[in-house]
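One structure is given below, encoded as C-alpha cells.
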Amino acid sequence: MVNSGEAFHVDTLDLYNARARLLFTQAAAMELREPEDQLKGELGRVLLKLEQVQDETIQKTLLPEEPKQYDMSDEEKTAALDLLRDPNLLDRILADFARCGLSGEETNVLTAYLAATSRKLEAPLGIVVQSSSAAGKTSLMDAVLAFIPDEDKVKYSTMTGQSLYYLGKTSLKHKVLALAEEEGAQRASYALKLLQSEGELTIASTGTDASGNLITQEYRVEGPTALITTTTAINVDEELMNRCLVLAVDEGREQTKAIHTRQRLKRTLEGLGAKQDRET
C-alpha cells in the first residue's frame, strides 16, 4: 500500500518483477497524483530494505542457536548446594514425586529420574518402561519428564525412518529423547540404537548445488542422548533392550488401590490444594 494524505493505492506484486513494479508505480502515480519518478525511487528503497531484512534473517537462521544462560543468585546457589549435599537427597526426590501426584513406583521413578539426569554425562542411560495397556507406564514417563527443564527434553509420539538424521546438529546433545510408544518409532529403531551406542548420527544424502549438479551432503546429529520410551510389547527389539534398562510397572492390587485413592483425592478440596502445591 502507498498513500498520500487520504489518497491511497494498494496492489499485490512481485518486487523482483520489473514489469509489475512499473505498472504499480504508474497506477499509484495516477491515484495519488504524485510524480512517477518519486514513487519509483521510494519503491526501490523499500525493495533494498526488504533484501537487507531477508539477508539478516537468513544469516540469523544459519547461525547455531546459543544455549540460554541463566545466572544464579547467591541464595539460589546456596539452596542448590544444600540440596546436592543432603544425605537424604533420594528421599527428598521421592517425596517431591509423591507431592506431584505419583503413587508408589519408588524404584522405577528413581531409576528413570537418574537416567534422565544422566543426559549431562558422556554415556547417558536409556530406559524402556514396559507394561500392559493403561497400567501407568506413560504416567511414569510424564512424571519424570515434568522434572526436566523444557530446553533439555525432546518428546515425540512417532518418528519416520530417517527423521532423527535431519534434526539440528545439537538438537539432541545432552538432552532427553522421549518416545510415547516404542511401536511408533520402529521405523527409526536403527537410528535410535546407533544414537545410544555411538553417541551421534551421520548420514550422506544426495542433493543439488546452486548450478543444479548432484552433490553428496552430510548431515550430523550430535549426542549423547538419554532415551526414555514406553511399550506394551512383550518382545521388544533385543538390540534396543541391550542398550537400555527395562522397567516393569507395578500392576499389583495394592498399587492399583493406591492409584484409586489418589484419583479420589483429586476431587476433594485437599486435592485442589495439592494441585497448586504441584505447580510450586
Side-chain angles (χ1 to χ4, degrees), residues 65 67-70 72 76-77 79-98 100 102 104-131 136-156 159 164 167-182 185 188-202 220-231 236-250:
E65 186 176 349
K68 296 180 180 179
Q69 299 293 331
Y70 178 78
M72 300 176 68
E76 289 172 330
K77 289 181 181 178
L81 289 173
D82 287 344
L83 174 68
L84 292 173
R85 292 168 178 161
D86 189 342
N88 299 316
L89 175 58
L90 295 185
D91 294 332
R92 291 181 61 174
I93 293 173
L94 286 175
D96 283 341
F97 273 100
C100 289
L102 189 67
E105 299 288 2
E106 294 185 353
T107 301
N108 284 343
V109 75
L110 272 181
T111 305
Y113 178 75
L114 290 174
T117 306
S118 73
R119 70 189 183 279
K120 297 295 186 182
L121 305 179
E122 290 304 315
L125 297 173
I127 293 291
V128 175
V129 184
Q130 189 178 38
S131 76
K137 60 187 182 303
T138 303
S139 297
L140 174 61
M141 182 178 74
D142 289 343
V144 171
L145 291 177
F147 278 74
I148 306 300
D150 290 338
E151 63 271 18
D152 275 10
K153 59 188 175 187
V154 179
K155 184 178 179 181
Y156 296 119
M159 291 188 301
L164 286 175
L167 291 173
K169 185 177 181 181
T170 59
S171 296
L172 297 177
K173 189 172 185 179
H174 294 298
K175 295 185 180 181
V176 177
L177 174 60
L179 304 174
E181 288 288 344
E182 185 265 341
S189 61
Y190 179 70
L192 289 172
K193 288 178 283 191
L194 280 180
L195 187 62
Q196 284 296 101
S197 57
E198 303 294 334
E200 66 175 8
L201 295 173
T202 56
R220 183 167 179 261
V221 179
E222 296 181 356
T225 305
L227 174 66
I228 299 181
T229 184
T230 64
T231 183
V236 184
D237 187 337
E238 288 187 4
E239 293 188 23
L240 183 61
M241 297 269 279
N242 291 337
R243 294 168 171 82
C244 298
L245 298 172
V246 181
L247 304 181
V249 171
D250 184 357

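These numbers come from a predicted model, not from an experiment. Along the sequence shown, the residues carry numbers beginning at 1.
- Contact annotation: the side chain of T225 never approaches that of P124 to less than 4.5 Å [non-hydrogen atoms, C-beta and beyond].
- D142 has a carboxylate O that lies under 4.0 Å from a charged side-chain N of K155, or vice versa, which qualifies the two as a salt bridge.
- For the atom pair CG of D86 and CG of L81, the computed distance is 12.5 Å after rounding to the nearest 0.5 Å.
- Atom SG of C244 and atom NZ of K193 lie 11.0 Å apart (nearest 0.5 Å).
- Atom NZ of K120 and atom OG1 of T117 lie 10.0 Å apart (nearest 0.5 Å).
- Shortest non-hydrogen contact noted between K175 and V154 is CD-CG2, 4.3 Å.
- Side-chain contact between V249 and V129: present, with at least one pair of heavy atoms (C-beta onward) separated by less than 4.5 Å.
- Here the side chains of V109 and I93 are not in contact, with every heavy-atom distance at 4.5 Å or above.
- Between L179 and L227, the closest heavy-atom pair is CD1-CD1, 4.1 Å.
- Of the inter-residue distances, the one linking L114 atom CG with I127 atom CD1 reads 9.0 Å to the nearest 0.5 angstrom.
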- Evaluate side-chain contact (heavy atoms from CB on, under 4.5 Å) for L245 paired with V128, printing each intermediate quantity in order. CA-CA 6 Å; L245 298 172; V128 175; over 6 Å; no
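- Partner of K153 under the side chain to side chain contact (heavy atoms under 4.5 Å, CB included) criterion, out of V144, L177, I228, I148: I148 alone.
- Between L192 and L164 there is a side-chain heavy-atom pair separated by less than 4.5 Å.
- E200 has its side chain within reach of R220: a pair of non-hydrogen atoms, C-beta onward, lies under 4.5 Å apart.
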- Item | Test side-chain contact (heavy atoms from CB on, under 4.5 Å) applied to T107 and T111, step by step | CA-CA 6 Å; T107 301; T111 305; 4.2 Å; yes
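- Nearest heavy-atom pair across M141 and A178 is SD-CB, 4.2 Å.
- A donor-acceptor pair under 3.5 Å links the side-chain atoms of R119 to the main chain of A116, judged by distance alone.
- Tested against E198, the residues L201, L194, T202 include a single side chain to side chain contact (heavy atoms under 4.5 Å, CB included) partner, L194.
- With hydrogens and angles ignored, the 3.5 Å screen pairs no side-chain donor or acceptor of T230 with any backbone N or O of T138.
- D152 places no side-chain N or O within 3.5 Å of a backbone atom of H174 that could act as its donor or acceptor partner.
- Residues A80 and M72 share a closest heavy-atom pair of CB-CE, 4.0 Å.
- The backbone N or O of L167 lies less than 3.5 Å from no partner atom in the side chain of S171, so there is not a single donor-acceptor pair.
- Judged by distance alone, with hydrogens and angles left aside, the side-chain atoms of S118 form a donor-acceptor pair with the main-chain N or O of L125 at under 3.5 Å.
- Counting all heavy atoms, side chain and backbone alike, F147 lies closest to C100 at CZ-SG, 3.9 Å.
- At least one side-chain heavy atom of L90 sits less than 4.5 Å from a side-chain heavy atom of L110.
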